[in-house]
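In the text below, chain A, chain B and the rest are named by the order of the sequence lines, each starting its count at 1. What you are looking at is a predicted structure, and each value in this text was computed from that prediction instead of being measured.
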Protein chains: 2
Amino acid sequence: MVVRYELTDAETDRVFHALAAATRRDILRRTAVEEQSVSQLAADYDMSFAAVQKHVAVLEEARLVIKRAEGRERLVRADPTVIARVRALLAQYEDLWRGRIDRLDALLAEHPSSDSTERD
Amino acid sequence: MVVRYELTDAETDRVFHALAAATRRDILRRTAVEEQSVSQLAADYDMSFAAVQKHVAVLEEARLVIKRAEGRERLVRADPTVIARVRALLAQYEDLWRGRIDRLDALLAEHPSSDSTERD
DNA sequence: CTATCGTACAACCAAATGGTTGTACGATAT
DNA sequence: ATATCGTACAACCATTTGGTTGTACGATAG
């Protein structure tokens, strides 16, 4: 039995909110390709370092990126696990539309459930 | 050649923002299963009719739902096409992470492109 | 040791968000 | 004809968001 973590409503809110800004999506893309320090990221945007720092924090709270310390730098890298869960959630909406839903836990989609079986 | 509509940054912002609230995700689920009037939707939430109306408007502006008039009612139904595009976008982030990107248009992900080939 | 780099964080501000109530108006039911 | 239902929309308000600048502090370079 694979313990598949389900996102709560609040977590899902945070993830979609984090994805709802082009700068943050860009940061996600860049850190998906390669780990980047906050100042490396900040260098390419037309806003203050502190602003970029805040965008990274939003991504971090949504657990879309992970930050680790290396000397005085903070290296940011994308973590695809939450993205995968969100993709699965969106797929469920499409399945609902197609009338493809039969399993109860799919109907309960977003509502808290302890665990379920892996399929992906 | 399949004309595949790509979402602009602003459109993507709107879609993710629309998805970043549990009430709106619930409306999307309900209208994915069956067309619902605005007051049918509103009946089940602990907020004013006007508030629900606004949530529906946000979903509509993101083109996640379509509203049609039937007598004095406005019937809302989910439209899965934008969802599908967003799922594809998220899949690209995962692909970036896995180093699976080889085609140029995938690297340009979100940036405006006239058309591309269908694969889904 | 000192200067600087990378970061963290607080305070502040304008704009957007998410709720409310009130008014208006066409469609329907009596 | 009148009352009511379903909706639209404006005005208002508290909170959140997304930016700013300024200060502080550990890590590194000279």
Side chain of B:Ala50 only, please: which of C:dT7, D:dG19, D:dC9 is the nearest?
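Of the candidates, D:dC9 comes closest.
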Measure from the side-chain heavy atoms of A:Arg72 and tell me the nearest of C:dT20, D:dT7, D:dA29.
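Out of C:dT20, D:dT7, D:dA29, the nucleotide with an atom closest to A:Arg72's side chain is D:dA29.
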What is the base-pairing partner of C:dT23, counting Watson-Crick and G-U wobble geometry with both distances under 3.5 Å?
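Answer to the pairing question: D:dA8, which forms a Watson-Crick or G-U pair with C:dT23.
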Can you tell me the distance, in whole Å, between the [atom1] atom of [X] and the [atom2] atom of [N]?
X       : N      : atom1 : atom2 : result
A:Lys67 : C:dG6  : NZ    : C1'   : 11 Å
B:Asp46 : C:dT20 : CG    : P     : 8 Å
A:Asp26 : D:dG18 : CG    : P     : 16 Å
A:Lys54 : C:dA14 : NZ    : C1'   : 12 Å
A:Glu70 : C:dT7  : CD    : C1'   : 15 Å
A:Glu73 : C:dA8  : CD    : C1'   : 15 Å
A:Asp13 : C:dT17 : CG    : P     : 15 Å
A:Glu61 : C:dA8  : CD    : P     : 13 Å

Map B:Leu75 and A:Met47 onto DNA chain D by nearest heavy atom, then report which one ends up closer to the 5' terminus.
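Upstream on the strand: B:Leu75.
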Starting at the 5' end of DNA chain D and moving along, which residue's nearest nucleotide shows up first, A:Phe49 or B:Gln53?
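On the 5' side of the pair lies B:Gln53.
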Lys/Arg-Asp/Glu bridge criterion (N-O < 4.0 Å) met for [X], [Y]:
X       : Y       : value
B:Arg63 : B:Glu11 : yes
B:Arg87 : A:Glu94 : yes
B:Glu34 : B:Arg30 : no

Has [X] got a side-chain N or O lying under 4.0 Å from the OP1 or OP2 atom of [N]?
X       : N      : result
B:Arg24 : C:dG18 : yes
B:Ser48 : C:dG19 : no
B:Ser39 : D:dC5  : no
A:Arg74 : C:dG6  : no
B:His17 : D:dT16 : no

For A:Leu64 and A:Leu28, work out which heavy atoms get closest and say how close.
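Between these two residues, the closest heavy atoms are O-CD1, 3.7 Å.
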Passing option when A:Glu70 is tested against A:Lys67, A:Arg68, A:Arg72 for salt bridge (charged side-chain N to carboxylate O under 4.0 Å, His left out)
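Only match with A:Glu70 under salt bridge (charged side-chain N to carboxylate O under 4.0 Å, His left out): A:Arg68.
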Please work out if A:Ala21 contacts a base, only the sugar-phosphate, or nothing of the nucleic acid, heavy-atom cut-off 4.0 Å.
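Result for A:Ala21 = nothing.
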